[in-house]
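So that the names make sense, note that chain A is the first sequence line, chain B the second, and so on, each numbered from 1. None of the values given here were measured: they were computed from a predicted structure. These values consider heavy atoms only, across backbone and side chains, with no hydrogens, waters or symmetry-generated copies.
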Number of protein chains: 2
Amino acid sequence: MKQTTIKDIARKMGVSVSTVSRALSGHPDISEETRKRIEALARELDYHPNTLAKSLQQKQSQVIGVVVPQVKHYFFASIMSGVTDVAYQAGFTVMICQSNEDFEREKSNIDVLLSHRVAGLLISVSVTTKSCEHFNRLKQRGVPLVFFDRVCGEVDAPTVVVDDYDGAFRAGEYLVRKGYRRFGHLGGPEFLSICRLRFEGFRDAVSRLGCPLRDEWVIRGGLNEEDGVDSMSRLLKQGGERPDAVFCVTDPVAMGALVRLKQEGIAVPDRMAVMGFTDNPMADLIEPPLTTVRQPAYEIGRTAAELLIERISNRSGDAHPVHKILKTELIIRKSA
Amino acid sequence: MKQTTIKDIARKMGVSVSTVSRALSGHPDISEETRKRIEALARELDYHPNTLAKSLQQKQSQVIGVVVPQVKHYFFASIMSGVTDVAYQAGFTVMICQSNEDFEREKSNIDVLLSHRVAGLLISVSVTTKSCEHFNRLKQRGVPLVFFDRVCGEVDAPTVVVDDYDGAFRAGEYLVRKGYRRFGHLGGPEFLSICRLRFEGFRDAVSRLGCPLRDEWVIRGGLNEEDGVDSMSRLLKQGGERPDAVFCVTDPVAMGALVRLKQEGIAVPDRMAVMGFTDNPMADLIEPPLTTVRQPAYEIGRTAAELLIERISNRSGDAHPVHKILKTELIIRKSA
DNA sequence: TTGAAAGCGCTAACAG
DNA sequence: CTGTTAGCGCTTTCAA
C-alpha cells in the first residue's frame with residue numbers, strides 16, 4: 001500500500017517539497033500557475049495529506065476523543081451524533097471509546113486517546129468510577145476536557161448537563177398536582193450526579209408539597225431496562241401498601257418497570273403511575289405511552305463539542321470553566 | 001501542554017533514546033534492571049507514547065475508520081458497540097464518521113479517514129450513494145475494507161450482512177401460514193441491497209404460496225419512523241380494498257406504520273397485520289408488540305471488525321473476499 | 001517566488 | 001546489552 005507523498009509530487013514536478021507543501025496549503029507566496037499544476041498532479045496521483053505527519057510536526061491534532069459508557073444506548077448515540085456533526089463542520093474527527101461502565105477500561109481508554117494525542121477529550125463517566133484522579137491528571141497535563149451528562153464534580157472542568165434537579169422537581173410537582181400521594185422512586189447509584197440530582201429534585205418537590213417520599217420505596221439499581229424490571233420486582237416484593245406513583249431515573253428503567261407491572265397485572269396509570277426521564281423515541285410508542293422528562297441529547301452532544309473545540313482553539317484552558325445547563329421539558333402522555 | 005517524550009526519559013536516566021524505546025516496548029535485549037528503572041521513571045513523568053510518531057515511522061496505524069449513515073439509530077449504534085469492543089481487545093481504536101445519508105459527505109468522510117492513515121475501513125453505504133467509484137479507488141490504493149449491512153455489490157470486498165432474503169422469505173411464509181392473504185410491503189430505496197433483498201424474499205415467499213404481492217401495495221420510502229408514517233399514509237390513501245398484512249423493511253418503518261394505523265383506528269393485527277425487520281429493543285414494548293425478524297446487530301459489528309482486523313494483520317488483501325451472512329430469527333409477537 | 005535544512009517523536013538497522 | 005544514525009511525511013524558518 002504505497003502512499004503518494006509530497007515528495008513524489010515534488011520529484012515528478014521538478015520542484016522542492018516546500019513548494020509543494022506551500023502550494024497545497026494555500027500559501028500566498030506561490031504563483032498561481034505552479035499551484036494549479038501541483039493541485040492537478042496531486043489529484044491525479046490520488047494524494048491524501050498525511051495527517052499523522054502534520055500533527056506530529058505541529059504538535060497538535062484535529063481529533064477529539066470521546067469516552068462514553070455505552071454507545072448503543074439511544075441517549076449516548078444521539079449525543080455522539082451531535083458531537084460528530086459539530087466535529088465534522090469544524091474539521092475535526094472523532095475517536096470513540098466505550099468504557100462499558102468499567103472503571104479500569106475508562107482509564108485505559110483515556111490512555112489510548114492520550115497516546116493518539118487527541119486535541120481534547122469529551123467524557124461521560126462510568127457508573128463504577130469512584131475516583132477522579134485520572135481526570136485530574138488530565139487537567140495537570142493541560143488536556144482540554146469537557147464532561148457531559150455524567151460529570152465529575154471534583155474536577156474543575158467545563159460541563160454540559162441538563163437541569164436534572166429541576167426536571168425531577170417538576171416531575172414531582174406534576175404528579176402531586178395530578179392527585180398522586182404515595183411516591184416511590186427507582187433510582188441509580190448515588191455516586192452519579194445525575195442520579196443524585198434526579199432523586200433530590202423529586203424528593204424535594206413531593207415533600208415540599210406534603211407527600212414525602214418513603215425510604216422503603218426508594219429502590220436503587222442500574223440504569224437500563226433489565227434494572228428497571230429488577231427494581232420494580234424489589235419494590236413489589238415488599239408487600240403491604242404500594243406507592244401510587246413511581247418516578248424512574250431513566251426511560252429504560254421506567255420501561256422495565258412497566259414490563260414488570262404488566263406481568264403482575266397492575267394497571268398503569270390506574271393502580272400505579274410511572275414516569276421516566278430522557279424521552280427515548282420509543283417512549284410514545286409503548287403502551288401506555290410514557291410520561292417523562294425530555295433531555296435534548298443531540299443538543300448536549302453539539303454543545304459539548306462546541307465548548308471543547310472553542311477551548312482547543314483559544315487555548316482558554318485556564319479560564320474559569322463554563323457549566324452549561326440545558327433545559328428539560330415535561331412530556332405528558334398516558335403513564336402518569 | 002508540554003508532553004514527556006522518550007528523549008526526556010533518556011536524558012534524565014543518562015541512557016540513549018533507543019534504550020528507552022526498547023525497554024518500553026519489551027525488547028528482550030534489555031537488562032531487567034534498566035527496564036524497571038525506565039518504566040518507573042516513565043510512570044513518574046506521566047509518559048504516554050506518541051502513537052502518531054510511531055505510526056508515521058511504521059507506516060501503519062492501529063486505527064480503524066468507520067463510516068455509517070447515522071450513529072443514533074439503534075441498529076448502527078449496536079454495531080458500533082460491537083466494533084468498538086473488538087477493536088479495543090485487539091489494541092485498535094476507532095474513528096467514526098457519519099454520512100448522514102449524504103453521498104458527498106460519505107466521500108469526504110473517507111478522505112478524512114484516509115488522511116489519518118487508518119489501517120482499514122468499515123463502511124455501510126448511505127441511501128443516496130449511487131456510485132461506487134470512490135470505493136473502488138480505495139481498493140486500488142490497497143486500503144483494507146469491509147462493508148457491513150448496506151453493501152456495495154460492485155466492489156470486490158468482504159461483506160458482513162444478515163440473510164435478508166431468507167429472513168424476509170420466512171416472514172412471508174409465516175404470514176401466509178397465519179392465514180393472511182392480501183399482502184403489502186413498505187420498502188426502501190431499491191438501490192440498497194438490503195431493501196431489494198427483503199422485498200424479493202418476501203415477494204417470492206408469498207407468491208410461491210399462491211398470494212402474490214400486488215404492485216400498488218408496494219410502497220417505497222425511507223427507512224425511519226417518519227417514513228413509515230408516510231408510507232402507510234400513501235397506502236391508505238389508495239382507498240378501496242386494503243392488504244390484510246404488510247411487511248415493512250425496518251422496525252422503525254413498522255412502528256411509524258403502527259402509529260398511522262392507530263390514528264386511523266385500524267386495529268392491529270385484526271384488520272391489518274404489521275411485521276418489521278431488525279428487532280429493536282422497543283419492539284416488544286410497544287402496543288401491540290411487534291412481530292419481526294431479528295438481526296444480530298452487535299454481532300454484525302463484531303464480525304465486521306474481526307474480518308477487517310484479520311485482513312489488516314495478514315495483509316491478505318488479495319485473497320478472495322469473504323462474505324459473512326449471519327442468520328436472522330423470526331420473532332413472533334402480537335402485531336402479526 | 002522558490003529551495004535547503006532542521007526537526008516533530010519514534011523505531012530499527014548497524015555497530016560496538 | 002547499549003549507542004549512533006537515518007528516516008517516516010510534513011511544516012517552517014532562513015537564505016537565495
Original post:
Hey, does the side chain of A:Arg105 reach the backbone of A:Gln98 with a donor-acceptor pair shorter than 3.5 angstrom?
Top reply: yes

**OP:** Identify whether NZ of Lys or CZ of Arg in B:Lys130 sits under 6.0 Å from the centre of the six-membered ring of B:Phe191 and within 45° of that ring's axis.
**Re:** yes

Original post:
Could you give the CG-to-P distance, from A:Leu24 to C:dT2, as a whole number of Å?
Top reply: 14 Å

Subject >> Any B:Ser16 side-chain N or O less than 4.0 Å from OP1/OP2 of D:dT2 >> reply: no

Subject >> Criterion side chain to side chain contact (heavy atoms under 4.5 Å, CB included) against B:Phe92, the qualifying member of B:Val118, B:Ile312, B:Val86 >> reply: B:Ile312

**OP:** Using a cut-off of strictly less than 4.0 Å, decide whether B:Lys59 has a side-chain nitrogen or oxygen near OP1 or OP2 of C:dT11.
**Re:** no

Original post:
When you measure from every atom of DNA chain D, which of residues 25-58 of chain B have a heavy atom less than 4.0 Å away?
Top reply: B:Asp29, B:Ile30, B:Ser31, B:Thr34, B:Leu56, B:Gln57

Original post:
When rounded to the nearest 0.5 angstrom, what distance separates OG in B:Ser126 from CZ in B:Phe103?
Top reply: 8.0 Å

**OP:** May I ask you to list the residues of residues 6-13 of chain A, by number, that have any heavy atom positioned under 4.0 Å from an atom of DNA chain D?
**Re:** A:Ile6, A:Lys7

Original post:
Do B:Ser21 and B:Ser18 have side-chain atoms, one donor and one acceptor, less than 3.5 Å apart?
Top reply: no

Subject >> Step-by-step side-chain contact (heavy atoms from CB on, under 4.5 Å) determination, A:Val322 to A:Val160 >> reply: CA-CA 9 Å; A:Val322 188; A:Val160 180; over 6 Å; no

Original post:
Does B:Thr5 put a side-chain nitrogen or oxygen below 4.0 Å from OP1 or OP2 of C:dG9?
Top reply: no

**OP:** Indicate, yes or no, whether a donor-acceptor pair under 3.5 Å links the base of C:dA4 to the side chain of A:Ser18.
**Re:** yes

**OP:** Kindly say whether, by distance alone, the side chain of B:Arg117 makes a donor-acceptor pair under 3.5 Å with the base of D:dG9?
**Re:** no

Original post:
Rounded to whole angstrom units, what separation is found between the CZ atom of B:Arg22 and the C1' atom of C:dT11?
Top reply: 9 Å

**OP:** Hey, could you give me the OG1/NE2 distance between A:Thr19 and A:His27, rounded to the nearest 0.5 Å?
**Re:** 10.5 Å

Original post:
Of A:Ile79, A:Asp85, A:Thr303, which meets side chain to side chain contact (heavy atoms under 4.5 Å, CB included) against A:Tyr298?
Top reply: A:Asp85

Original post:
Rounded to the nearest 0.5 Å, how far apart are CE of A:Met13 and CD1 of A:Ile38?
Top reply: 4.5 Å

Original post:
Rounded to whole angstrom units, what separation is found between the CG atom of B:Leu114 and the P atom of D:dG9?
Top reply: 15 Å

